[in-house]
Structure formats: structure tokens, C-alpha cells
Colleague: 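Mind looking over this structure? Questions follow.
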Amino acid sequence: MSKKVKPKKKQSKIFCDPAVCDNCQYICEGDFICDKKPVPVMVISDWEPTLDYAWCTRKGSAK
């Protein structure tokens with residue numbers, strides 16, 4: 001008997017972009033916040049990703 005292999009889950013890529021993620025919001029002048037946490041987090045500042053960019057995809061993040 002051969003061992004059954006489970007198919008790999010297709011991981012959806014989450015980007016900090018209002019067109020892709022409902023929690024991402026454009027606030028002004030190239031700044032985006034994520035309102036998934038109780039306190040909003042700045043994920044993009046002046047059109048550049050911050051250290052918190054895509055924090056919700058990292059291990060140990062509160063979902």
C-alpha cells in the first residue's frame with residue numbers, strides 16, 4: 001500500500017492594498033493603515049512598506 005499524500009494548501013497572498021484587503025485603508029499622501037488590530041497600525045508610509053507591512057501573514061500574529 002502506498003502512503004496517501006495530502007495536497008498542499010494554496011496560500012493566499014495578502015498585500016497591504018485596499019483593493020486586495022478589506023482591513024487596509026488609505027489615509028493620505030501615500031500612507032496606509034491596517035485596522036485589523038484594536039489599535040490601527042501604519043503599514044505603508046510615503047509609499048514605502050514599514051516594519052509592520054503584512055504583519056497579519058506572519059506567524060504568531062493575532063487573526
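One is the number of the first residue; the rest follow in order along the sequence. Owing to the predicted nature of the structure, the values given are computational and were not obtained by experimental measurement.
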Colleague: So which heavy atom on Asn23 is nearest to which on Asp35, and how close?
Modeller: O-OD1, 2.8 Å
Colleague: Examine distances only and state if a side-chain atom of Ser45 and a backbone atom of Asp31 form a donor-acceptor pair shorter than 3.5 Å.
Modeller: no
Colleague: Please examine the side chains of Cys24 and Cys34, heavy atoms only from C-beta on, and report whether any two atoms are closer than 4.5 Å.
Modeller: no
Colleague: Heavy atoms only: give me the nearest Ile33-Pro40 pair and the separation to one decimal.
Modeller: CD1-CB, 4.0 Å
Colleague: Would you check if Val41 and Lys36 make a side-chain contact, meaning some heavy-atom pair closer than 4.5 Å?
Modeller: no
Colleague: If we only count heavy atoms from C-beta on, is the Trp55 to Lys37 side-chain gap below 4.5 Å?
Modeller: yes
Colleague: Give the minimum heavy-atom separation between Met42 and Asp52, together with the two atoms involved.
Modeller: O-CB, 3.9 Å
Colleague: Side chains of Trp47 and Phe32: does their closest heavy-atom pair fall under 4.5 Å?
Modeller: yes
